[in-house]
Number of protein chains: 2
Amino acid sequence: MNQPLPHYQRLKAFVTGEIEAGRLRPGDRIPSELDLIKRFGVSRMTANRALRELEQAGAVTRVQGVGSFVASRKTEQAMFEINNIAEAVRAGGQAYGCRVIRLAAEADPAMAAFMGLAPGERYGRAVLLHLADGVPVQHEDRCANLAFAPDFLTQDFTRVTPYDHLMSLGPLQAAEQVFEADLPGADLARLLQVTASLPCIVLRRRTWSLNMVASAARITAPSSRYRFSGVTGTVPPAGLGLPRL
Amino acid sequence: MNQPLPHYQRLKAFVTGEIEAGRLRPGDRIPSELDLIKRFGVSRMTANRALRELEQAGAVTRVQGVGSFVASRKTEQAMFEINNIAEAVRAGGQAYGCRVIRLAAEADPAMAAFMGLAPGERYGRAVLLHLADGVPVQHEDRCANLAFAPDFLTQDFTRVTPYDHLMSLGPLQAAEQVFEADLPGADLARLLQVTASLPCIVLRRRTWSLNMVASAARITAPSSRYRFSGVTGTVPPAGLGLPRL
DNA sequence: TGACATGACATGTATATACATGATCGGATC
DNA sequence: GATCCGATCATGTATATACATGTCATGTCA
């Protein structure tokens with residue numbers, strides 16, 4: 001029925017498997033072409049193709065004369081930085097915190113339709129406030145497809161962000177995003193501890209995984225405390241030294 | 001000094017050149033591996049690599065037993081919809097217009113550095129106001145690398161948007177984008193014909209082409225009149241019927 | 001006319017081989 | 001001790017060859 005995988009695909013799967021299992025970490029040296037030849041009994045061209053395609057896919061970095069290494073970050077960057085707010089806060093040297101405002105199963109028909117569910121079908125909803133050094137930086141109103149994330153409502157979001165939990169359940173397939181600017185409104189302004197006249201950036205996002213809508217989120221951030229950024233494509237080497245935006 | 005391009009790169013450049021020149025259009029059949037072998041005197045593996053990489057890059061579609069064809073549309077969609085504002089306005093059934101506020105060569109050192117130019121090197125700057133049915137929808141402050149776009153300052157931007165002009169000069173390689181929310185300030189509010197207290201969404205973008213910074217832009221849009229949206233990845237078929245965000 | 005066989009063509013994968021280029025490390029030489 | 005040289009390893013590119021798989025047009029036979 002299903003024919004055997006091509007050799008080069010097996011080699012790719014082997015390497016990516018080692019990476020995903022954590023046995024190879026970013027920066028680690030991965031097996032050289034010669035290693036793969038001896039281990040799998042393939043020709044060098046086949047090993048070369050496997051590693052070359054992994055490089056093109058951004059999973060590994062190759063340096064002539066030196067070797068091949070696990071690349072630092074991966075697919076997510078292609079998705080316009082589906083940002084892990086906890087990681088972003090910590091990267092800035094601040095302490096990350098999270099306050100759960102609301103966590104429940106809901107069934108608003110409009111939202112159900114938006115998520116591709118049957119009218120009235122229940123989904124998980126989490127309203128969170130993300131803090132950096134105790135100061136609110138993001139308000140997150142997230143709806144999760146319980147068919148995709150059945151344990152969503154029993155997660156401790158002060159320890160694992162919704163992003164982390166959802167990403168652990170399946171590969172990100174697609175993301176739809178809309179950026180808007182808006183005033184926070186009285187309730188949000190109070191939660192975010194800003195004046196109601198401070199512009200906030202609003203990101204509405206819907207993500208697909210395993211061929212279904214995995215979750216939808218509305219993220220509001222005071223413009224003075226957070227901004228969304230991303231790079232798509234490959235910036236040429238000369239671009240690396242440029243001052244950042 | 002600069003060594004000759006590898007053969008497979010030459011083949012790729014040949015095919016992409018035919019596409020960009022318009023001699024090969026989406027859906028057209030492109031030269032088969034055998035054609036390339038005869039035309040360039042290379043081995044089949046080399047031709048195969050060239051076409052295979054073009055397929056991975058999304059430029060062509062290959063069908064076993066049939067042939068290779070120019071893919072329908074491409075890179076742009078992966079770049080978080082580097083939007084052609086004129087097209088977007090017309091797609092909404094409104095009349096597009098553009099008012100040129102300023103068009104000159106400038107040499108601000110900070111901006112030069114930001115664009116990867118030598119300190120004091122001149123670049124083209126265009127400040128534009130995009131209109132939909134006569135109403136301002138976007139303010140665009142764009143700086144273009146004159147090494148990339150030598151004719152930038154002689155363009156008639158009421159007829160060809162900076163985006164169109166720049167895209168015609170080389171393939172988009174990478175894009176860096178930052179989204180923020182802000183108040184427009186007195187000058188911008190007057191130009192955009194909005195009150196100074198209306199939040200605007202600000203997009204700062206830098207794009208690379210031909211291994212250099214092609215242009216940098218700051219785009220400001222009143223949130224009530226425009227918003228930025230995009231899809232990355234492949235939305236599953238079932239997702240197409242969902243109500244849009 | 002319809003079903004089937006066949007050959008031409010195109011891509012998909014795999015191997016063995018070759019030479020080039022870049023990095024690194026050790027040892028020999030000055 | 002500093003420098004140069006060469007061996008070794010790793011990746012980069014290129015070729016000739018082979019067989020497999022898939023599509024399509026054509027021609028043959030019932």
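The sequence lines fix the lettering, A, B, ..., with proteins before strands; numbering per chain opens at 1. Note that this is a predicted model, so its numbers are computed, not measured. Just so you know, these numbers use all the heavy atoms, side chains as well, and skip hydrogens, waters and symmetry mates.
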Practice problem: To the nearest Å, give me how far apart CD1 (Ile37(B)) and P (dA14(D)) are. | Solution: 14 Å
Quiz item: Taking atom P of dT13(C) as reference, at what distance in whole Å does atom CD of Gln9(A) sit?
Solution: 7 Å
Self-check item: Closest to side chain of Val66(A), choosing from dA23(C), dT11(C), dT11(D)
Solution: dA23(C)
Practice problem: Check the distance between dT17(C)'s P and Asn48(A)'s CG and give it to me in whole angstrom. | Solution: 17 Å
Quiz item: Under the side chain to side chain donor-acceptor pair (under 3.5 Å) criterion, do Arg29(B) and Ser68(B) qualify, and how do the steps go?
Solution: CA-CA 6 Å; Arg29(B) 162 178 242 111; Ser68(B) 304; over 6 Å; no
Quiz item: According to the interplanar angle, ranging from 0 to 90°, do the rings of His165(B) and Phe152(B) count as parallel (below 30°), tilted (30 to 60°) or perpendicular (above 60°)?
Solution: tilted
Quiz prompt | Short side-chain N/O contact from Arg49(A) to OP1 or OP2 of dT13(C), under 4.0 Å | solution = yes
Quiz item: Do Arg39(B) and Pro31(B) have side chains that get closer than 4.5 Å, going by heavy atoms?
Solution: no
Quiz item: Is the shortest heavy-atom distance from the side chain of Arg206(B) to the side chain of Val213(B) under 4.5 Å?
Solution: yes
Quiz item: Any side-chain N or O of Thr46(A) less than 4.0 Å from the OP1 or OP2 oxygen of dT13(C)?
Solution: no
Self-check item: Side chain of Ser43(A) (C-beta onward), nearest among dA16(C), dT11(C), dT11(D)
Solution: dA16(C)
Quiz prompt | Among dT13(D), dT17(D), dA10(C), the one nearest Met45(B) by side-chain distance | solution = dT17(D)
Quiz item: Can you check the Leu51(A) CG to dG12(D) P distance for me, whole Å?
Solution: 9 Å
Quiz prompt | Rounded interatomic separation in angstrom, taking CD from Glu33(A) and P from dG12(D) | solution = 7 Å
Exercise. Taking only the side-chain heavy atoms of Pro6(B) (C-beta and beyond), determine which of dA14(C), dT11(D), dA14(D) contains the nearest atom.
Key: dA14(D)
Practice problem: Between dT23(D), dA14(D), dT11(C), spot the one nearest the side chain of Tyr8(B), thanks. | Solution: dA14(D)
Exercise. Spell out yes or no: do the side chain of Arg44(A) and the base of dG12(D) have one donor N/O and one acceptor N/O closer than 3.5 Å?
Key: yes
Exercise. Please report, rounded to the nearest Å, how far the P atom of dA23(C) is from the CZ atom of Arg29(A).
Key: 14 Å
Quiz item: So do Leu117(A) and Tyr123(A) actually touch side chain to side chain, heavy atoms under 4.5 Å?
Solution: yes
Quiz prompt | Counter-base of dA30(D), judged by Watson-Crick or G-U geometry with both distances under 3.5 Å | solution = dT1(C)
Quiz item: Atom CG of Asp35(A) and atom P of dC9(D): how far apart are they, to the nearest Å?
Solution: 11 Å
Quiz item: Between dT15(C), dA10(C), dA10(D), which nucleotide gets closest to the side-chain atoms of Leu34(A)?
Solution: dA10(D)
Exercise. Using atom CD of Glu53(B) as one end and atom C1' of dG12(C) as the other, report the distance to the nearest whole Å.
Key: 16 Å
Quiz item: The side chain of Gln64(A) lies closest to which of these nucleotides: dT15(C), dG12(C), dA20(C)?
Solution: dA20(C)
Exercise. Would you verify whether the NZ or CZ of Arg10(A) falls within 45 degrees of the ring axis of Phe40(A) while also being under 6.0 Å from that six-membered ring's centre?
Key: no
Quiz item: Are any of Arg62(A)'s side-chain N or O atoms less than 4.0 Å away from OP1 or OP2 of dG12(D)?
Solution: yes
Practice problem: Compare side-chain N and O positions of Ser32(A) against OP1 and OP2 of dC9(D) and report whether any pair is under 4.0 Å apart. | Solution: no
